[in-house]
Every structure is written in structure tokens, then in C-alpha cells.
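Just below is one structure, and these are the notes that go with it.
Chain naming here is simple, since letters A, B, ... match the order of the sequence lines and numbering starts at 1 in each.
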There are 2 protein chains.
Amino acid sequence: MKNNKATIHDISRSLGIDSSTVSRALNGSDRVKDKTKELINKKAEELGYRKNIMARNLRMNRTFTIGVIVPRIDRHFFAKLIAGIEETAFNLNYEVIIAQSLDSLEREKKLLANMLNNRVDGLLISTTMETISYDHFDAYKDENSPIIFVDRPNKIGYNSNVIINDQETSLNATQHLIDNGYKNIVHFAGPQEVDLYKLRLAGYKAALEKNGIEFNEDYVIESRLMQEDGEKMAKQILELPNVDAVFAANDHAAIGAMKRLKEQGVKIPEDIAFMGFSDEPISEYIEPGLSTVKQPATLMGKEATSLLIGQIENKSGDIVHTKILDAELIVRNSTKKITA
Amino acid sequence: MKNNKATIHDISRSLGIDSSTVSRALNGSDRVKDKTKELINKKAEELGYRKNIMARNLRMNRTFTIGVIVPRIDRHFFAKLIAGIEETAFNLNYEVIIAQSLDSLEREKKLLANMLNNRVDGLLISTTMETISYDHFDAYKDENSPIIFVDRPNKIGYNSNVIINDQETSLNATQHLIDNGYKNIVHFAGPQEVDLYKLRLAGYKAALEKNGIEFNEDYVIESRLMQEDGEKMAKQILELPNVDAVFAANDHAAIGAMKRLKEQGVKIPEDIAFMGFSDEPISEYIEPGLSTVKQPATLMGKEATSLLIGQIENKSGDIVHTKILDAELIVRNSTKKITA
DNA sequence: CTGTTAGCGCTTTCAC
DNA sequence: GTGAAAGCGCTAACAG
């Protein structure tokens with residue numbers, strides 16, 4: 001049991017060199033003679049010295065740690081996102097501490113306070129769907145700790161966003177259906193309080209307009225994006241006349257709807273073409289007829305992280321910056337693979 | 001810009017109460033008069049005081065943080081595992097810092113050093129498949145920081161393991177095939193350097209023996225668990241006479257094999273029954289004929305975390321402890337759902 | 001119940 | 001190129 005208590009002072013003492021010099025040497029300062037450095041490094045190794053990060057943190061008032069808050073770690077999109085975050089953070093020598101809000105606003109607030117307490121150098125967050133107001137982020141204005149909203153953007157003034165181009169992507173996806181001869185396209189919409197679902201609806205509308213197809217309000221079915229919602233939606237579709245395609249803003253409900261339709265003997269995709277935003281890999285398998293719009297989750301994580309660390313490390317100037325990435329349109333039963 | 005610099009000394013000064021008392025009050029010590037506490041708490045709020053965790057960490061020589069190292073965060077099993085870890089850690093007021101080894105031993109070593117440097121109070125790790133020797137964990141012997149191996153157990157003396165009962169589970173799974181009339185069962189084995197795959201093979205053998213079925217070496221096909229391996233395996237199966245079922249130690253190769261077999265016009269599951277360990281949800285969809293053995297990933301995360309924090313918080317006595325959880329046998333095309 | 005005192009291990013002026 | 005000295009903000013004996 002070495003107890004691993006070697007400090008710079010132990011090195012200092014056993015070498016007769018002041019601890020400040022030891023500190024400098026260990027940090028690679030060029031204000032220390034190479035010979036001395038060598039000596040110090042050797043002794044450090046010999047004593048099994050390991051820098052006490054806690055002391056450094058306190059002294060430097062930084063943690064070299066970024067915080068990440070997502071609704072659920074085990075949702076595929078977020079797992080991918082976090083994988084990207086970790087990779088970039090690792091490369092830039094940052095640690096990442098993660099937490100999940102479980103889609104609860106109350107918990108999000110608590111986690112936010114935790115992160116502040118833990119003095120993370122910056123924060124990446126994907127807010128819950130319950131998060132409509134942003135008062136709880138106000139505390140951040142008083143910190144000099146940057147914050148970036150990923151996937152779920154917002155417009156409070158002091159933060160950055162990393163998102164995909166929802167509207168254009170939706171337009172392209174809908175256009176793809178139209179190009180393939182579909183005209184009566186139902187849109188499975190998400191909750192319209194959430195910006196991104198508003199944009200996806202807007203993209204859908206824009207595509208119709210562009211192609212001279214009349215917009216029909218009845219063809220927009222809004223839901224809370226649960227698989228269970230899909231059942232209801234399936235029923236609604238079957239009651240609508242002439243529906244030949246569906247464009248879904250999210251795959252959860254779409255999967256539910258497809259299951260249900262299948263049970264009712266409606267053949268997919270022969271009868272109805274599906275196209276949807278999709279993060280879970282299962283949707284690629286459950287129904288080959290579902291073409292998908294895929295968010296580049298890992299890339300988003302990487303981009304967000306390097307943006308964040310950039311902001312951390314040069315804390316001057318204008319912080320606000322929104323990064324918009326392209327989503328990928330993956331078309332089934334075809335070799336086409338279009339980038340929006 | 002409040003700059004948020006309030007310390008206990010600010011509270012102390014503006015109240016004429018010593019900072020040690022302030023500290024005690026803020027920590028809810030019962031050695032402070034309620035009246036004083038109230039005063040202090042009010043003032044703290046007023047000043048926007050937030051405890052400086054870095055100072056506490058340095059002073060207490062603890063971080064209330066656990067480290068997690070997994071091969072890949074975005075592999076479904078690990079995402080689930082981490083979700084469980086985070087939940088329990090949150091409940092017990094610990095932070096969790098994560099890192100992924102990307103299945104590289106070299107990187108695992110680096111991460112391990114990082115974690116030590118960051119003075120995590122304990123560590124949860126699922127080692128890479130390359131991790132055959134455990135020398136790099138030796139540094140831990142000198143710490144008083146517990147370490148728990150999850151899913152990938154090992155036998156070094158100073159650590160705990162949280163695993164499933166691989167052998168018994170494999171026995172049950174194979175038994176299920178036998179019960180359904182299958183006799184010529186191929187085993188897709190994992191790399192036999194890895195303990196758990198050895199155990200799964202052993203379980204398979206045990207089931208055969210128990211049922212008086214002769215073990216046939218040719219029926220064991222070992223692979224590195226890549227989907228690409230599946231192709232090769234598919235070919236091998238087709239060359240074997242009389243194969244009527246497959247029991248796979250891991251779904252990656254199994255999925256590859258099934259795809260391949262399908263392409264060759266071999267109907268599944270009509271012709272060959274599949275059963276496999278499976279962590280990815282896609283396997284539930286890609287082929288309904290694949291019955292699966294499912295590891296309780298989230299539960300494993302929870303159990304491992306509370307075990308770890310237990311060890312952290314009462315650092316005396318015997319640390320070593322192995323927790324064995326039950327896996328679930330999920331049988332397709334049937335309502336049966338057996339717990340191993 | 002409250003105050004005094006010391007110090008965790010590092011970084012960082014400021015001298016020389 | 002190196003040393004002296006101070007201090008980050010907290011907790012924890014120890015006293016009283």
C-alpha cells in the first residue's frame with residue numbers, strides 16, 4: 001500500500017529543488033533547464049507521482065470537464081451523440097460528466113444546478129420536450145461558462161445551438177415522395193410548441209406549395225410522439241380519402257402506426273409510402289418501406305464539443321453561434337442516397 | 001455579471017459569524033443553532049452563494065464522482081448500462097464521468113490513468129476484448145479506490161464483478177431448443193480467451209450432455225463476433241449435415257449469418273431455429289425467428305453502481321464481491337417468456 | 001453551539 | 001532558470 005501520496009513537495013524535498021520549479025517542470029514550462037526537467041521527471045516517476053487534479057482545479061478555477069445533459073442516454077440518437085462528444089473531448093483532453101433528465105423538466109433543473117456546482121467548464125444540453133421556457137438557464141448568464149443547445153435549439157440570447165436544418169430537410173424528404181408520384185401525403189407532426197417540429201411542418205408545407213399541391217389541414221396529424229399515438233393515427237389515416245404517403249416528423253409514432261396498419265391488413269409500402277425522421281436503428285429493419293431522414297448524431301456531438309471547447313478556451317468576443325448540419329435522406333428499396 | 005464569487009467568507013463577514021460555522025450550517029450540521037442556520041441560509045441565497053466543489057474535493061480528498069469506461073457508448077447494451085449507472089449515481093448524489101475505450105487496449109490504459117488522475121472515488125469498467133492481461137489495473141491496488149468489472153469479469157484479486165450467469169443461462173437456452181425438438185445444434189462461439197464466451201460454450205455442452213446428445217466439435221464455430229464473420233459461418237453451417245438449430249453466443253455474427261442464409265434462400269426459422277445472446281434491439285426485429293437471451297443491462301448498471309458506492313463509502317472489510325444477475329430468455333413466436 | 005487555526009496540493013506573481 | 005511566498009475555498013480537529 002504505497003498510498004500514493006507523493007506530491008510536488010516530496011519531489012522538491014528529495015531533490016533539493018523548490019516545489020515551484022517542480023511544478024513548472026511537470027507542466028513542461030520552458031523556463032526550466034532541460035537537465036532539471038529530466039531530473040524532476042525521473043524522480044516523479046520513481047515516486048509514482050500523480051498530479052492532484054483537485055488542487056489544480058481549485059487553484060486554476062477550471063475543471064477541464066464539460067457537462068452533458070440529455071433526456072435519455074439509452075435513446076439511440078443520444079447514445080450516438082454522447083459517443084461523438086466523448087471522442088472529441090478525449091482528443092482535446094477534457095473529461096465529460098453526463099446526466100439524463102429523463103424528459104422531466106424538474107430533473108433538468110436539478111441537473112443544471114448540479115453541473116453549475118460541479119464547476120464544469122461548459123455545458124452541452126438537449127432539453128426535454130417539457131422545456132418551453134428557459135428561466136432556469138438564467139443562472140448561466142452570471143457564469144462565464146458557455147452552454148450549447150444540441151438538437152433542441154432555443155433562442156435565448158447568450159447561448160449557441162447545434163442543430164440540423166429541419167425545414168430544408170423536411171422539404172427535401174417531402175419532395176422525394178412527390179417525385180415518386182405521391183400527392184396525398186399525410187404529415188405526422190410533433191408537438192408544435194417545440195421549435196423543430198414547427199420547422200418540419202413548415203418544410204412539408206413548403207414542398208407542397210412548391211409543387212402546386214394544395215395544403216389540407218386534415219392531413220396533418222399531431223401527436224406526442226409515442227408509439228401508442230400511432231394506433232390513433234393509423235385509424236385517422238384509414239378514414240382519410242386517397243392517402244398514399246406519410247411523412248413523419250418522428251419515427252416513434254410512425255412505427256406504432258405501421259404496426260397497426262399491418263395488423264389491419266394494409267400493405268406497406270405497396271399501399272402507402274412512408275418517410276420519416278428516424279433515430280432508432282430498429283426502424284430500418286422493422287419496415288423496409290420506411291425511408292428515413294437521419295440526423296448525424298455522432299457528428300453533431302463532435303461539432304458541438306469542439307465548438308464548446310473553443311468557446312471555453314477563448315472566452316472573449318461573441319460567444320453566440322449556431323451550427324447547422326445536414327441530415328441524410330436514406331431511401332429504401334433503391335440505391336439512391338441523397339444528402340439534404 | 002455577478003461573477004458569482006460569493007464564498008463562505010463573504011457570508012461570514014457580512015453576518016459576523018465565523019466561516020467554520022457557516023460551513024457547518026451549509027452542510028446541515030446539527031451542531032449549529034437553527035436560528036443561526038436560518039440566518040446563514042438566507043444570506044447565502046441572497047448572495048447567490050454556491051459551494052465550491054473543487055475546494056471541498058481538495059480538502060476532503062474525494063470527488064463524489066465515479067468513473068465509467070466502456071468499449072463503446074453507442075452500443076445498445078452499454079447505453080443501457082450507463083443509463084442505469086447514471087440513475088443510481090444521481091440518486092446517491094454522485095457524478096459520473098464516462099469514457100469509451102473503442103475496444104482498444106491502448107486507449108483503455110490511457111483512460112484508466114486519466115481516471116486515476118481525476119481521482120474518481122471508484123471505477124466501473126467493461127474491458128475491451130483485447131484485455132487479456134490485467135497489469136494495467138495494478139495501479140489500483142495502491143489506491144483505496146474500488147473498481148468493479150461489469151459484464152466482462154476477471155479474476156484479479158482486489159476487485160468485484162457484476163455479471164450474468166453465463167453458463168446456466170446458456171444451458172437453459174440450449175435446453176429450450178432441445179425441448180422444441182432440435183438435436184443438431186450449432187454453437188456460434190465467441191473468442192475463447194474471453195471468459196464469458198468460454199462459459200457460454202460450457203453451458204451449451206452441459207445441455208447436450210444432460211440430454212444425452214453427443215458433442216460434436218465441428219458444430220462449434222468460433223469467431224471474433226463481427227457481422228462479417230457471419231458470412232463465413234453461414235457457409236460452414238450449410239456444409240454441415242443435419243443442422244437444425246443455432247445457438248449463438250453473441251448476435252453480431254448471428255445477424256450476419258442470418259442475412260447470408262436468407263440470401264441463399266434458406267428459410268428461417270422454418271428450416272433452422274436460432275437462439276442467441278443479443279443486446280441490440282434490432283435483432284428482435286430483423287428476424288422474428290431469433291429467440292434471444294437478453295442481459296439486464298440497466299439493472300446491471302444499477303447494481304454495479306450501488307455496489308461500488310457501497311464500497312466507496314465503507315472502505316473497510318472485504319471489498320471483493322461478485323454479483324451474478326439473471327438473464328432473460330425471450331422466446332419468439334410464442335408467449336413463453338422464461339427467466340433463466 | 002461557535003470560534004481559532006491549520007492545511008489539502010497546486011499555480012503563480014514577484015524577486016533575484 | 002530558480003526560489004519564496006501567498007492563497008484558491010473549503011473542512012476538521014481542537015478549544016472553549
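- An OP1 or OP2 oxygen of C:dT11 is reached within less than 4.0 angstrom by a side-chain nitrogen or oxygen of A:Lys51.
- Out of C:dT11, D:dT2, D:dC10, the shortest distance to the side chain of A:Thr21 is found at D:dT2.
- One finds a salt bridge joining B:Lys43 and B:Glu46 here, because a Lys/Arg side-chain nitrogen approaches an Asp/Glu carboxylate oxygen to under 4.0 Å.
- One atom, CZ of B:Arg31, and another, P of C:dT2, lie 11 Å apart when rounded to the nearest Å.
- Judged by closest nucleotide on DNA chain D, B:Ile53 is the one of B:Arg24 and B:Ile53 placed further toward the 5' end.
- Between B:Asn57 and C:dC8 there is no side-chain polar atom (N or O) within less than 4.0 angstrom of OP1 or OP2.
- Here the P atom of nucleotide C:dG3 and the CD1 atom of B:Ile11 are 14 Å apart, to the nearest Å.
- Side chains of B:Ser160 and B:Gln311: a donor-acceptor N/O pair is present below 3.5 angstrom, by distance only.
- In terms of position on DNA chain D, the residue among A:Asp30 and B:His9 whose nearest nucleotide sits closer to the 5' end is A:Asp30.
- Within the 4.0 angstrom heavy-atom criterion, no nucleotide atom of any strand lies near A:Asn61.
- Surrounding CD of B:Glu193 are more than 12 heavy atoms belonging to other residues, nucleotides or ligands, all under 6.0 Å away.
- The side chain of A:Ser20 approaches C:dT12 more closely than any other nucleotide in the set C:dT12, D:dA15, D:dT2.
- Here D:dG3 presents its C1' atom at 15 Å from CG of A:Leu15, a figure rounded to the nearest Å.
- Taking atom CG of A:Asp18 as the reference point, atom P of D:dA5 lies 10 Å away to the nearest angstrom.
- A side-chain contact (heavy atoms from CB on, under 4.5 Å) with A:Gln100 is found for exactly one of A:Ile82, A:Ile73, A:Leu111, namely A:Ile73.
- Other residues, nucleotides and ligands contribute over 12 non-hydrogen atoms within 6.0 Å of the NZ atom of A:Lys37.
- Contact annotation: A:Ser23 side-chain N/O to C:dT11 OP1/OP2 distance is under 4.0 Å.
- The nearest heavy atom of DNA chain C to B:Gly16 and to B:Arg59 marks one nucleotide each, and the one closer to the 5' end goes with B:Gly16.
- If you take NZ of B:Lys33 and P of C:dC1, they are 8 Å apart, rounded to a whole angstrom.
- Side-chain proximity of B:Met60 to the nucleotides D:dT11, C:dA15, C:dC10 is greatest for D:dT11.
- Within the nucleic acid shown, A:Thr7 comes within 4.0 Å of sugar-phosphate atoms alone, with no base atom in reach, counting heavy atoms only.
- Rounded to an integer number of Å, the gap from A:Met54 CE to D:dT11 P is 14 Å.
- Nucleic acid contact for A:Arg56: sugar-phosphate only, since backbone atoms but no base atoms lie under 4.0 Å from a heavy atom of the residue.
- In this structure, CZ of A:Arg62 is placed 22 Å from P of C:dG9, rounded to the nearest angstrom.
- Here the P atom of nucleotide D:dC8 and the CG atom of A:Asn52 are 18 Å apart, to the nearest Å.
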